[in-house]
Trainee: 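After the structure tokens below, expect a handful of questions from me.
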Amino acid sequence: MVKISITVDGERHEDEVEPRLLLVHYLRERLGKVGTVVGCDTSNCGACTVHLDGNSVKACSVLAVQADGGDVTTIEGLANGEWHPVQAAFKECHGLQCGYCTPGMIMAAVDLLANNPAPSEDEIREGLEGNLCRCTGYQNIVKAVQLAAEGGAR
Amino acid sequence: MIPAQFDYVRAGSVDEAVSALAEHDEDAKVLAGGQSLIPLLRLRLAYPEVVVDVGRIAEMHGIRDDGSHLVIGAMTTHAEVITNELLRRHCGLIAEATETVADPAVRHRGTFGGSLAHADPAGDLPAVALALDAEFVIAGAGGRRTVSAADFFVDYLQTAIEPAEVLVEVRVPKLGDGWGYRYEKFQRVAQAWAIVGVAAAVRRSNGSIAEARIGLTNMGSTPIRASAVESALAGTGAGEVAAACEAAAEGTSPPSDLNGKADYRQHLARVLTRRAVTAAAGY
């Protein structure tokens, strides 16, 4: 077992974990952060995307021990009393169908807009290339990111 | 899937990493960003007894200017490579190819050195390193040694790095004035591996190509230098590029898989080499 100290959605946790424990399982099973979902299990789909020290990562491809000392934000920590503008934009544009990819899609979109506040449609599609929507609802997802970039969603 | 159990060592320095590796030899595996290793652990295609994490070794991070070369720390992430001004100025081909690696989240964790040490023939960076004559600085119990790109890639997922060694940094010669470059990658869908890729750097002089360096991705068990094309291109003008690039698949034995058969890959190599050279030369 390895001792780790990790901040998740603003709260600090000290835990002992097996080295093989994946960050996504630590978040869901230890901390109950089930807003972050497991999709493909093979780092293709991006459903488990969270932010580690401010950057999007696929939590199924990070060991909890690698996140030791780190600051993690999950979809559950995004809203601050009210919806994050990207969450509001996904609601406004109906940027989801079944909703399974949505937590990861929103975390990837927030990361994209942090690096590029005014992306073109192509840049949005490229920026979200690591996140798959098996309902193929990409059209409204792109619209939602555009709306959030324009500051149109509250 | 959940990886099999392993012990975890977080190395604080290159020496610590080398000692941990020497102690466990072939039962140990180096963990860099984990974007190739962790999926392999999860699928239980790899089951080391010990994982040695080199991700926090300060010396292995960052990019520095060493006069004629840039020195890229093995743990520099793809995202850092893409945004690094020195690298964009002197080794732009690396930045261009790295932008096509996987997706943004993977590029935040995946590392330059990890990708090269993993040596997947469908990976984008090995062919680039080969085309640019990069040098690999490898640390072991006896000290450090430097291996040329031509000797580094040994076979499918195999490099010159011995089990008790670690890749510390990669030295890449700067491309000076007059050089152009292009990485052409053919893939079926976004974030997929290259079916074939071509890394080309071309130096023009007096309106014709003076020198060309071309590396091929996924045309064999290692990245391959398209030497026949390089020789054929020397001294040629715009009108002769297509004919010279017909030699791109010479001597290659690419794999046949669900994405394409060997002869299709050889066709792609010729077409992509022509496109990459044409763009790199500014024709």
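Residue numbers start from 1 in every chain, and the chains themselves are labelled A, B, ... in the order their sequence lines are given, proteins ahead of strands. Being a predicted model, the structure only gives us computed values, none of them experimental.
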Trainee: About how many Å separate OG1 of A/T49 and NE2 of B/H108, when rounded to the nearest 0.5 Å?
Mentor: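 Reported to 0.5 Å precision, the distance equals 11.0 Å.
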Trainee: Can you find a heavy atom in the side chain of B/I38 that is under 4.5 Å from one in the side chain of A/L22?
Mentor: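 Counting from C-beta outward, B/I38 and A/L22 do come under 4.5 Å.
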Trainee: Can you tell me which portion of A/V38 sits under 4.5 Å from chain B's heavy atoms? Options are side chain, backbone, both or neither.
Mentor: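 When you check distances to chain B, no heavy atom of A/V38 falls under 4.5 Å.
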Trainee: Starting from the C-alpha separation in whole Å, work towards a yes-or-no answer on side chain to side chain contact (heavy atoms under 4.5 Å, CB included) for B/I2 and A/E18.
Mentor: CA-CA 11 Å; B/I2 293 169; A/E18 268 194 283; over 6 Å; no
Trainee: Between B/Q5, B/Q35, B/M1, which has the largest tally of heavy atom pairs under 4.5 Å with chain A?
Mentor: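 The answer is B/Q5.
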Trainee: Who wins among B/P104, B/G34, B/P39 for the most heavy-atom pairs under 4.5 Å with chain A?
Mentor: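 Ranked by contacts with chain A, first place is B/P104.
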Trainee: Go through the atoms of A/V2 and report whether side chain, backbone, both or neither lie under 4.5 Å from a heavy atom of chain B.
Mentor: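 Looking at A/V2, just its side chain touches chain B.
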Trainee: Are any non-hydrogen side-chain atoms of B/L41 and A/R20 less than 4.5 angstrom apart?
Mentor: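 When only atoms from C-beta onward are counted, A/R20 and B/L41 do not touch, as no gap falls below 4.5 Å.
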Trainee: Pick whichever of A/L63, A/T42, A/L112 has the most heavy-atom pairs under 4.5 Å with chain B.
Mentor: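 Counting heavy-atom pairs under 4.5 Å, the top option is A/L63.
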Trainee: Indicate yes or no: at least one non-hydrogen side-chain atom of B/R42 is less than 4.5 angstrom from one of A/S43.
Mentor: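 No, their side chains stay 4.5 Å or more apart.
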Trainee: Answer yes or no: is there a donor N or O on one side and an acceptor on the other, between the side chain of B/R109 and the main chain of A/K58, under 3.5 Å?
Mentor: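 Flag not set: sc B/R109 to bb A/K58 has no pair under 3.5 Å.
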Trainee: Under a 4.5 Å heavy-atom cut-off, does chain A meet the side chain of B/A4, its backbone, both or neither?
Mentor: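 Interface part for B/A4: backbone (N, CA, C, O).
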Trainee: Please flag which part of B/L43 lies under 4.5 Å from any non-hydrogen atom of chain A: side chain, backbone, both or neither.
Mentor: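 Side chain only.
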Trainee: What do you reckon, is CD of B/E26 surrounded by more than 12 foreign heavy atoms closer than 6.0 Å?
Mentor: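 It does not: B/E26 CD has 12 such atoms or fewer within range.
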Trainee: So for A/L52, is it side chain, backbone, both, or neither that comes closer than 4.5 Å to the heavy atoms of chain B?
Mentor: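 Just the side chain, heavy atoms under 4.5 Å.
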Trainee: Tell me, for B/L31 versus chain A, whether the close heavy atoms (under 4.5 Å) come from the side chain, the backbone, both or neither.
Mentor: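 When you check distances to chain A, only side chain atoms of B/L31 fall under 4.5 Å.
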Trainee: Please classify the contact of A/H51 with chain B as side chain, backbone, both or neither, using a heavy-atom distance under 4.5 Å.
Mentor: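 Nothing of A/H51, per the 4.5 Å heavy-atom cut-off to chain B.
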Trainee: Is chain B contacted by the side chain of A/D111, its backbone, both, or neither, given a heavy-atom distance below 4.5 Å?
Mentor: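 Contact with chain B is through the side chain of A/D111 alone.
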Trainee: For chain A, which of B/A190, B/P3, B/G55 has the most heavy-atom pairs under 4.5 Å?
Mentor: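 Highest number of pairs under 4.5 Å: B/P3.
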Trainee: Measure the CD-CG distance between B/Q191 and A/L132 for me, rounded to the nearest 0.5 Å.
Mentor: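 Interatomic distance, B/Q191 CD to A/L132 CG, rounded to 0.5 Å: 5.5 Å.
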Trainee: Does NZ in B/K29 sit with more than 12 non-hydrogen atoms of other residues, nucleotides or ligands closer than 6.0 Å?
Mentor: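 Count not over threshold, so no.
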Trainee: Please determine, among A/S56, A/C60, A/G127, the option with the most heavy-atom pairs under 4.5 Å with chain B.
Mentor: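 It is A/S56.
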Trainee: Taking side chain as everything from C-beta outward and backbone as N, CA, C, O, which of these in A/E129 sits under 4.5 Å from a heavy atom of chain B? Side chain, backbone, both or neither.
Mentor: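 Backbone plus side chain of A/E129, per the 4.5 Å heavy-atom cut-off to chain B.
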Trainee: Report the distance from atom CE of A/M1 to atom OH of B/Y8, rounding to the nearest 0.5 Å.
Mentor: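 Between atom CE of A/M1 and atom OH of B/Y8 there are 15.0 Å.
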Trainee: For the CD atom on A/E126, are there more than 12 heavy atoms of other groups (residues, nucleotides or ligands in this structure) within a distance under 6.0 Å?
Mentor: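 Result for CD/A/E126: open.
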